[in-house]
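Data block below; observations after.
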Amino acid sequence: MNGRMGVVSGRYRSLSDRAGEDTAPRTVIELFGRMDDGRSVCLLVHGLRPTFEIAPIGQWKVEDEIAPFLKDRLRSVATMDHVADIRGPEVKWTMLGQRPVWTVEVEQPFHVPALRKALKSQSWQVFSGDIPFVNRLFLDADLGAHVAFSGEVVDERNADGPLLKPSVLDAGGGGRYAVDVTVVTSVDRLEPTPPFQVPYRILSFDLETSIEHETVLCAAACIEDLGSGKRHSIPYTGTEPEILEALTATVLEHDPDIITGYNIDNFDLPRLADRTNILQRGRGSEGSIALFGWGRAPPLETELKRQRDALLPKRQSNRAWNLAGRVIMDTWWQARQALNPRRETLSFVATLLFPDDEAKHKMDVDASKMDEEWAARPEEVLTYCVRDAELPLDILQAIQAVRRKEAVAAVAKVPFETAANGSTSQLIDSLVIRLADQQQVAVPLTGSAEAKEGQITGGYVHDVEKGLHPWIAVLDFKSMYPSIMIGHNICYTTRLEGSLDDVEQPDNVHRSPTEVVFRHQDERKGLVPFLLEDLMAQRDEHKAALRAAKNESDELAVGFHDAMQYAVKILMNSFYGVFASGFYRFTHRDLGSSITAWARQNIKTIIAAVEAEGHGVVYSDTDSIFVRCPIDANAPRMLSDDEREAVEKGDTAALEKRDAHLAAVEEMVAFGTKLAQRYSKDAAVLEFEKGLSVFFSHGAKKRYIGNVVWPAEEMLIRGYETQRTDSFPYLTSTMRQVFRFALADQGDQLVEYARERVRALKQCTVPPSEVVLAKSCKGRVLRTPVKSADDVDFHKDYTNPNSMAQVRVAKQRIELGLGFTSGMKVSFLVTDAKKRPMEVAPWLDTEGDGGEVTYDGLFYAERLAAAVGRITEIFDWNAKDLMAGNRQRTLFSFGT
DNA sequence: TGTGACCCCTAA
DNA sequence: TGAGTTAGGGGTCACA
């Protein structure tokens with residue numbers, strides 16, 4: 001058959017010799033995924049052998065012969081246990097110049113770590129020795145997330161046959177896989193294919209559990225087909241084994257590619273794993289498989305023993321959960337990443353995303369009293385369980401999590417699983433290593449770079465001029481760090497050390513402000529600049545296609561190209577971070593510091609030049625400058641609501657004011673565009689990004705606001721408390737209003753408003769829900785479920801845990817039976833700040849404003865006054881004045 | 001009352 | 001033992 005699939009994940013099987021046969025060791029890769037026609041598939045891929053590379057340490061010139069002693073050493077390598085073959089040499093580029101490199105083939109992938117270690121100790125330099133075997137397939141065959149294949153069908157879901165079906169075993173499989181179709185193929189019958197939206201199937205589930213007995217009371221699942229958009233939900237009741245087995249049967253029947261739920265990583269999955277361990281007693285492996293055998297692997301005892309990608313979901317320490325052939329994607333984690341919500345409970349996120357849909361967030365079941373609720377009204381509990389199984393699908397849909405990860409997988413050429421749960425360096429590795437292989441660049445091991453000594457210097461931040469500034473043009477560099485890497489050919493493979501002897505044209509190099517020298521691209525183009533240029537071109541293509549799709553109102557294409565261009569952008573911006581990190585395989589401490597040094601030089605040069613032209617620069621951060629425009633300061637900066645209304649009615653004065661405003665905006669656009677154009681140079685493209693009719697800062701870096709009038713009208717706020725998730729709602733809304741007054745230059749109203757708001761807090765007339773604080777809390781979970789504060793070790797993350805409010809709150813939550821997850825945001829009220837440390841009480845989502853908790857009004861008033869006071873100070877009122885309600889100034893207070 | 005250590009979170 | 005980076009503001013606590 002022929003087919004196209006989206007790859008979900010892969011793993012390998014080592015085939016041992018069958019009795020009596022003298023066959024060479026073989027390794028088969030199982031690629032799991034879903035085809036464009038909607039069928040799930042397992043490809044059994046043959047023909048790839050595990051290898052790594054070695055080179056001798058020591059001087060060598062390309063014209064040198066291979067010395068006899070080296071040949072001897074190679075022969076001894078060939079006789080080592082588990083070495084199957086040695087091939088080479090091939091001349092490859094390494095940090096120490098061109099080197100002869102031999103490929104060592106081993107019997108099985110799991111032999112590599114020990115051999116690598118042994119060879120290192122025998123003074124061999126090892127390359128490509130830490131690349132997971134499945135990745136090797138993607139690199140060698142240049143595959144991405146979408147693969148076209150041909151092969152022979154060896155099993156189908158509806159076909160007959162025993163678990164150990166001969167056709168599957170003969171094809172190198174382990175038994176019948178839990179997929180629609182199983183296909184045997186080989187490396188040379190796979191090829192990359194253009195990205196398409198895979199009709200993935202998602203299963204979301206939720207458990208209700210007894211707090212007292214830690215048992216599962218009931219469960220629910222909801223299955224969604226992304227191809228048709230169809231969904232259906234299933235409730236589960238009965239005895240605990242019945243529930244677990246029915247849930248497992250649903251997974252196998254509906255065969256999802258992605259499994260989700262809300263906080264399943266830290267709650268539902270650990271619970272299912274624990275309960276499975278207890279319930280299977282006396283039933284052995286068969287019991288485990290029936291209760292929790294969710295993977296696509298054959299339901300065999302041997303499949304339980306795998307460390308990862310097993311038949312049962314597993315996780316190593318605190319990493320993501322994994323299982324054979326499917327991806328576990330926690331909606332809690334996805335929502336947190338995409339939305340950075342102030343609180344992280346399911347009901348809070350649902351309210352945030354679906355404010356008008358009451359049914360999605362009302363809470364009629366008290367989860368903290370689940371045993372009583374279950375006893376008293378099981379039907380309501382089950383109804384909410386079903387809803388909470390469906391909600392994660394709504395949330396994933398709203399934040400486009402699956403489509404975005406799919407786009408990242410396509411751009412980075414990795415399986416969906418790597419895009420969903422992998423690290424940034426894995427994405428970069430996928431692109432860089434395949435190019436290195438093409439260009440005969442040896443691939444160093446992770447951790448082989450010299451450690452970075454201390455931090456590198458980062459971006460330049462210009463002092464802010466405090467106060468109100470009319471008519472400010474914001475210019476910024478387009479993809480600054482990627483442009484610098486391209487423009488100066490910055491790469492691991494182009495950095496020159498010491499003498500420039502082997503450089504053809506010693507004058508024709510890039511020399512950074514920190515005196516690091518990079519080879520010119522005409523002589524040797526770096527891997528990173530090459531990849532970044534390609535990504536930039538891809539982004540332009542998708543942006544063009546996006547515009548075209550928008551014109552044709554092709555919504556499907558709009559979604560696709562938008563996700564793709566966004567994924568390219570994310571990936572491009574990840575390069576700098578990875579290459580500036582201390583541990584990445586292709587890094588050197590001079591790379592990151594050269595990039596930022598060039599960036600600082602660029603921006604500082606421009607600031608100086610613009611100022612020399614007579615245009616003040618009020619602020620600048622890393623890649624942006626805020627420039628005063630030569631526009632009449634009296635030009636109207638904005639129109640009030642009344643004035644807008646008057647414009648609608650054709651009022652002459654209002655129309656005149658509007659026209660004067662628009663004329664000034666146009667002047668600013670012309671000025672900004674021209675300035676950006678004049679200061680763009682080669683790869684360093686400066687763009688006029690925004691026009692502000694007013695800019696305001698109280699004088700702190702990274703904290704400013706502006707009234708944006710171009711390209712669209714909006715209020716811009718950066719850094720201030722309104723942006724922070726560890727602030728409280730009353731402070732946030734107060735500041736937002738204060739900013740409106742500030743931008744309108746209405747100092748008197750601003751101060752009056754601020755005083756009133758501080759007074760309300762002091763008198764505790766503000767509802768408690770408006771003063772809820774939230775902070776994330778770390779800690780190592782020692783035992784699950786977390787039932788007492790002793791089950792979490794806070795000392796690993798905190799020097800003095802109890803001095804941190806969020807830790808004290810987390811401990812109280814644990815005692816209330818609410819569980820704990822490392823990194824979760826905990827919400828709380830300050831009840832008495834005079835105590836040291838301050839007294840805090842957890843804020844539970846089920847609480848309304850009628851609760852008994854009372855907050856410390858004075859504390860909140862002081863915090864509000866402090867935050868707002870920084871703004872009002874510009875208008876001559878400080879925090880103390882705000883607290884007092886009047887200004888404590890006399891004639892004699894000056895200068896004392 | 002001032003200061004430094006520690007921490008969270010944001011801008012870029 | 002896992003892994004994108006640095007710059008920066010500001011809150012809390014402990015202690016002089």
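In what follows, chains carry the letters A, B, and so on, assigned in the order in which the sequence lines appear, proteins first and then strands, with residues in each chain numbered from 1.
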- Task: Describe the nucleic acid contact of A/D476 in one word from base, sugar-phosphate, nothing, applying a heavy-atom distance below 4.0 Å.
- Result: nothing

- Query: Could you give the CZ-to-C1' distance, from A/F626 to B/dA12, as a whole number of Å?
  - Reply: 11 Å

- Message: Could you go through A/F695 and A/Y704, starting from their C-alpha distance and side-chain angles, then the distance that decides it, and tell me whether this counts as ring-ring contact (aromatic ring centres under 6.0 Å, His included)?
- Response: CA-CA 7 Å; A/F695 168 91; A/Y704 61 87; 5.5 Å; yes

- Query: Over how many whole Å does the gap from A/M480 atom CE to B/dA12 atom P extend?
  - Reply: 13 Å

- Message: I want to check one thing: is the phosphate of B/dT10, taken as OP1 and OP2, less than 4.0 Å away from some side-chain N or O of A/Q723?
- Response: no

- Message: Just so I know, are the side chains of A/P444 and A/M95 near enough to count as touching, which here means a heavy-atom distance under 4.5 Å?
- Response: no

- Does OP1 or OP2 of C/dC13 have a side-chain N or O of A/N802 closer than 4.0 Å? no

- Query: If only side-chain N and O atoms of A/K778 are considered, is one of them under 4.0 Å from the OP1 or OP2 phosphate oxygen of B/dC8?
  - Reply: yes

- Query: Quick one: A/M804 CE to B/dC8 C1', roughly how many Å, whole number?
  - Reply: 8 Å

- Task: Check every strand shown and say whether A/R342 touches a base, only sugar-phosphate, or nothing at a heavy-atom separation below 4.0 Å.
- Result: nothing

- What is the distance from CD1 of A/I603 to P of C/dA7, rounded to the nearest Å? 16 Å

- Message: For a quick check of understanding: with a heavy-atom distance under 4.0 Å over all strands, which category does A/T725 fall into, base, sugar-phosphate or nothing?
- Response: sugar-phosphate

- Message: With a cut-off of less than 4.0 Å, is there a side-chain N or O of A/K702 near OP1 or OP2 of C/dG8?
- Response: no

- Query: Contact class for A/G459 (heavy atom, under 4.0 Å): base, sugar-phosphate, or nothing?
  - Reply: sugar-phosphate

- Message: For C/dC15 and A/R836 - does any side-chain N or O of the residue sit under 4.0 Å from the phosphate oxygens OP1/OP2?
- Response: no

- Give the minimum heavy-atom separation between A/L527 and A/L435, together with the two atoms involved. O-CD2, 3.5 Å

- Specify the separation, in whole Å, of atom CZ of A/F586 and atom C1' of C/dT5. 20 Å

- Query: For the side chain of A/A700, counting heavy atoms from C-beta on, which of C/dG9, C/dG4, C/dA7 is nearest?
  - Reply: C/dG9

- Nearest-Å distance for atom pair CD/C1', residues A/E862 and C/dG11: 13 Å

- Task: Indicate, with a heavy-atom threshold strictly under 4.0 Å, whether A/Y704 touches base, sugar-phosphate, or nothing.
- Result: sugar-phosphate

- Message: Please report the distance, rounded to the nearest Å, between CD in A/E721 and C1' in B/dC9.
- Response: 11 Å

- Describe the nucleic acid contact of A/R724 in one word from base, sugar-phosphate, nothing, applying a heavy-atom distance below 4.0 Å. base

- Task: Remember a base hit wins even if backbone is also touched, and classify A/S581 as base, sugar-phosphate or nothing at under 4.0 Å, heavy atoms.
- Result: sugar-phosphate

- Message: Applying a 4.0 Å non-hydrogen cut-off, can you work out what A/H462 is touching in the nucleic acid: base, sugar-phosphate, or nothing?
- Response: nothing

- Query: Would you say A/R585 reaches C/dA3's phosphate, i.e. side-chain N/O to OP1/OP2 under 4.0 Å?
  - Reply: no

- Query: Does A/R863 put a side-chain nitrogen or oxygen below 4.0 Å from OP1 or OP2 of C/dG10?
  - Reply: no

- Item | Polar side chain donor-acceptor pair, A/R757 to A/S733, under 3.5 angstrom | yes

- Task: Assign A/M838 to base, sugar-phosphate, or nothing according to its heavy-atom contacts below 4.0 angstrom with the strands shown.
- Result: sugar-phosphate

- Message: Check the phosphate of C/dG4 against A/S425, side-chain N and O only, distance under 4.0 Å to OP1 or OP2. Yes or no?
- Response: yes

- Query: On a whole-Å scale, what distance lies between the P atoms belonging to C/dG4 and C/dG8?
  - Reply: 24 Å

- Just checking A/I456: base, sugar-phosphate only, or nothing, at a heavy-atom cut-off of under 4.0 Å? sugar-phosphate

- Nearest of C/dG10, B/dA12, B/dC9 to any side-chain atom of A/S776? B/dC9

- Message: If we count only N and O atoms by modelled type, under 3.5 Å, do the side chains of A/R434 and A/S430 hold a donor and an acceptor together?
- Response: yes

- Can you check whether A/Y576 stacks with the C/dG4 base, using ring centres under 5.5 Å and planes within 30°? no

- Message: With a cut-off of less than 4.0 Å, is there a side-chain N or O of A/Q316 near OP1 or OP2 of C/dT1?
- Response: no

- Item | A/F586 ring center within less than 6.0 Å of A/F579 ring center | no

- Which is true for A/G577 with a 4.0 Å heavy-atom rule: it touches a base, it touches only sugar-phosphate, or it touches nothing? base

- Message: Under 4.0 Å from OP1 or OP2 of B/dC8: is there any side-chain N or O of A/Y798 that close?
- Response: yes

- Message: Using the side-chain heavy atoms of A/D621, tell me which of these nucleotides is nearest: C/dG10, C/dA14, B/dA11.
- Response: B/dA11

- Message: Which nucleotide wins on minimum distance to the side chain of A/H698, given the candidates B/dT10, C/dA3, C/dG10?
- Response: C/dG10

- Between CG of A/L591 and P of C/dG4 the distance, given in whole Å, is 17 Å

- Task: Look at all strands and tell whether A/D797 reaches a base, only sugar-phosphate, or nothing, counting heavy atoms closer than 4.0 Å.
- Result: sugar-phosphate

- If only side-chain N and O atoms of A/S624 are considered, is one of them under 4.0 Å from the OP1 or OP2 phosphate oxygen of B/dA12? no

- Do A/K405 and A/N421 get their side chains close enough for a donor-acceptor pair, meaning under 3.5 Å? no

- Note on the structure: The answer to which of A/V461 and A/F583 contacts DNA chain C further toward the 5' end, by nearest nucleotide, is A/F583

- Task: Give one of base, sugar-phosphate or nothing for A/K835, where a contact means two heavy atoms less than 4.0 Å apart.
- Result: nothing

- Message: So, does A/Q806 get its side chain near the phosphate of B/dC8, meaning an N or O under 4.0 Å from OP1 or OP2?
- Response: yes

- Query: Roughly how far apart, to the nearest Å, are C/dA3 and C/dA7 at atom P?
  - Reply: 24 Å

- Task: Tell me what A/F859 touches on the nucleic acid: a base, only sugar-phosphate, or nothing, going by heavy atoms under 4.0 Å.
- Result: sugar-phosphate

- Query: How about A/K681 and A/N602: does a side-chain donor come under 3.5 Å of a side-chain acceptor?
  - Reply: no

- Message: With a 4.0 Å cutoff (strictly under), does any side-chain N or O of A/T424 reach OP1 or OP2 of C/dA3?
- Response: no

- Message: Using the rule given for ring-ring contact (aromatic ring centres under 6.0 Å, His included), can you reason through A/Y855 versus A/F728, listing the C-alpha separation, both sets of side-chain angles and the distance that settles it, and then say yes or no?
- Response: CA-CA 13 Å; A/Y855 60 88; A/F728 54 98; 9.0 Å; no

- Task: Report yes if at least one side-chain N or O of A/T446 is closer than 4.0 Å to OP1 or OP2 of C/dA3; otherwise report no.
- Result: no

